[in-house]
There are 2 protein chains.
Amino acid sequence: MVSRRCEYGIRASILIARESLKGNRINLRLISDKIGSPLGYTTKILQSLSNEGILLSRRGPKGGFEIAPEAMETINFHGIIMALDGGQIYSSCGLGLSECSEDHPCPIHEHFNLVRADLNAMVKKANLLQLAHGLINGKTFLNTSKKNTLIKDKKV
Amino acid sequence: MVSRRCEYGIRASILIARESLKGNRINLRLISDKIGSPLGYTTKILQSLSNEGILLSRRGPKGGFEIAPEAMETINFHGIIMALDGGQIYSSCGLGLSECSEDHPCPIHEHFNLVRADLNAMVKKANLLQLAHGLINGKTFLNTSKKNTLIKDKKV
DNA sequence: TCTATTTAGGACAAAAAAGTCTTTTATTAT
DNA sequence: ATAATAAAAGACTTTTTTGTCCTAAATAGA
């Protein structure tokens with residue numbers, strides 16, 4: 001549905017959001033560990049998200065990544081997709097036609113309308129505060145293996 | 001949403017279906033021309049679809065591709081995606097987690113449920129007969145440039 | 001039978017996406 | 001100041017996807 005890059009980006013953001021809500025900054029090594037992404041690749045993704053102002057980063061000992069809690073409601077799945085993949089993923093034609101539109105629809109255009117609408121609504125509705133709370137409440141999970149991903153508070 | 005391979009595959013299939021309804025067989029050169037896909041790549045895609053029994057192919061002069069009209073209602077978007085991309089596209093987790101399920105959902109699992117459901121319904125509902133009729137009725141279009149894609153009947 | 005046409009099949013090339021590694025820069029604590 | 005830690009930045013490699021090209025096999029028609 002989205003690129004792997006985006007998948008890692010969203011997973012990382014949700015994890016960082018959770019830690020930020022607990023008052024912790026979390027570093028790259030720990031992030032790639034917890035979300036099961038390649039460290040060197042994850043670096044690039046987090047850099048992009050930092051440059052876009054979605055994450056705050058801090059170098060040096062006790063450094064790492066965080067997200068301002070007051071920004072979490074504003075940052076949604078959509079924003080992260082835009083930052084990492086650019087705009088055209090779910091806005092463009094399902095058959096890749098450049099001239100597809102309501103007036104000049106491709107054969108599956110109408111069939112896709114509902115899906116496209118739901119998708120657009122969904123990516124905007126899913127914000128980081130919500131998503132991080134799901135993790136905190138134990139209702140959702142980020143791990144690949146079922147082992148616990150909890151990090152002791154204040155002791156990153 | 002789907003791979004370019006699938007996009008070409010679907011576009012080609014709809015075109016072939018339209019021609020078959022008109023009693024025409026249509027060849028590779030014409031297909032790649034009409035749908036705006038690279039000829040050498042399109043060959044591979046059509047071969048796959050032929051091997052999966054979705055298309056009928058015939059070599060030699062007056063050869064080309066066709067689809068049995070009585071099969072058109074059975075062949076849907078889903079079948080073509082399966083033939084060309086394999087199974088995992090819209091069935092797997094939106095965040096790429098292998099252990100994501102209803103019992104052990106990823107953070108966006110529930111958000112995705114509606115989209116996933118609509119998508120699944122859509123790809124099964126959209127069959128070739130329907131899609132080809134849309135073209136014939138002039139309600140939908142396959143072309144990139146707005147030029148006419150009609151082929152004279154019986155004179156392929 | 002011979003030739004032209006058209007798909008089948010495989011090797012290869014280019015481009016894009018994913019991933020690795022190494023050096024530099026900033027920050028903290030000693 | 002110095003050493004240790006962690007992100008920034010960029011070069012490089014691998015893998016996957018997309019695309020090209022060439023030869024072989026089948027078929028139709030003269």
- Task: Look at the side-chain N and O atoms of A/Arg4 and state whether any lies under 4.0 Å from the OP1 or OP2 oxygen of C/dG19.
- Result: yes

- Shortest non-hydrogen contact between A/Ala126 and B/His111, atoms and distance: CB-CD2, 3.7 Å

- The residue, A/Lys44 or A/Arg59, whose nearest nucleotide of DNA chain C is more 5′ is A/Lys44

- Query: C/dT28 C1' sits how many Å from A/Arg25 CZ, rounded?
  - Reply: 11 Å

- Is there a side-chain polar atom (N or O) of B/Tyr41 under 4.0 Å from OP1 or OP2 of D/dT17? no

- Note on the structure: Of all heavy-atom pairs linking B/Gly79 and B/Ile54, the shortest is O-CD1, 3.9 Å

- Roughly how many Å is it from CG in B/Leu28 to P in C/dT6, rounded to a whole number? 10 Å

- OP1, OP2 of C/dT28 versus side-chain N and O of A/Arg58: anything below 4.0 Å? yes

- What is the distance, rounded to the nearest whole Å, between atom CG of A/Leu39 and atom C1' of C/dG19? 11 Å

- Message: With nearest nucleotide decided by heavy atoms, which residue, B/Pro38 or A/Phe65, maps closer to the 5′ end of DNA chain D?
- Response: A/Phe65

- Message: Assess whether a salt bridge exists between A/Glu19 and A/Lys22, defined as any Lys/Arg side-chain N lying under 4.0 Å from an Asp/Glu carboxylate O.
- Response: yes

- Message: Between C1' on C/dG19 and CD1 on A/Ile35, what's the gap in Å once rounded to a whole number?
- Response: 14 Å

- Item | Side chain of A/Lys62 - closest among D/dT27, C/dA8, C/dA29 | C/dA29

- Message: Rounding to an integer number of Å, can you tell me how far A/Glu66 CD sits from D/dA7 C1'?
- Response: 13 Å

- Please report, rounded to the nearest Å, how far the C1' atom of C/dT7 is from the CG atom of B/Leu55. 12 Å

- Note on the structure: Side-chain atoms of A/Pro61 come closest, of D/dA7, C/dG9, C/dT27, to C/dT27

- Starting from P on C/dA8, measure out to CG on B/Leu46 and report it in whole angstrom. 8 Å

- Task: Would you indicate which nucleotide in C/dT20, C/dT6, C/dG9 comes nearest to any side-chain atom of B/Asn51?
- Result: C/dG9

- Message: Heavy atoms from C-beta onward define the side chain here; which of D/dA7, D/dT18, C/dG9 lies closest to that of B/Gln47?
- Response: C/dG9

- Separation of C/dA17 P from A/Leu84 CG (nearest whole Å): 13 Å

- Message: Quick check: do B/Pro105 and A/Phe141 have side-chain heavy atoms less than 4.5 Å from each other?
- Response: yes

- Item | Sub-4.5 Å side-chain heavy-atom contact between A/Val115 and B/Val115 | yes

- Message: At less than 4.0 Å, is any side-chain N or O atom of A/Ser57 found next to OP1 or OP2 of D/dA8? Yes or no.
- Response: yes

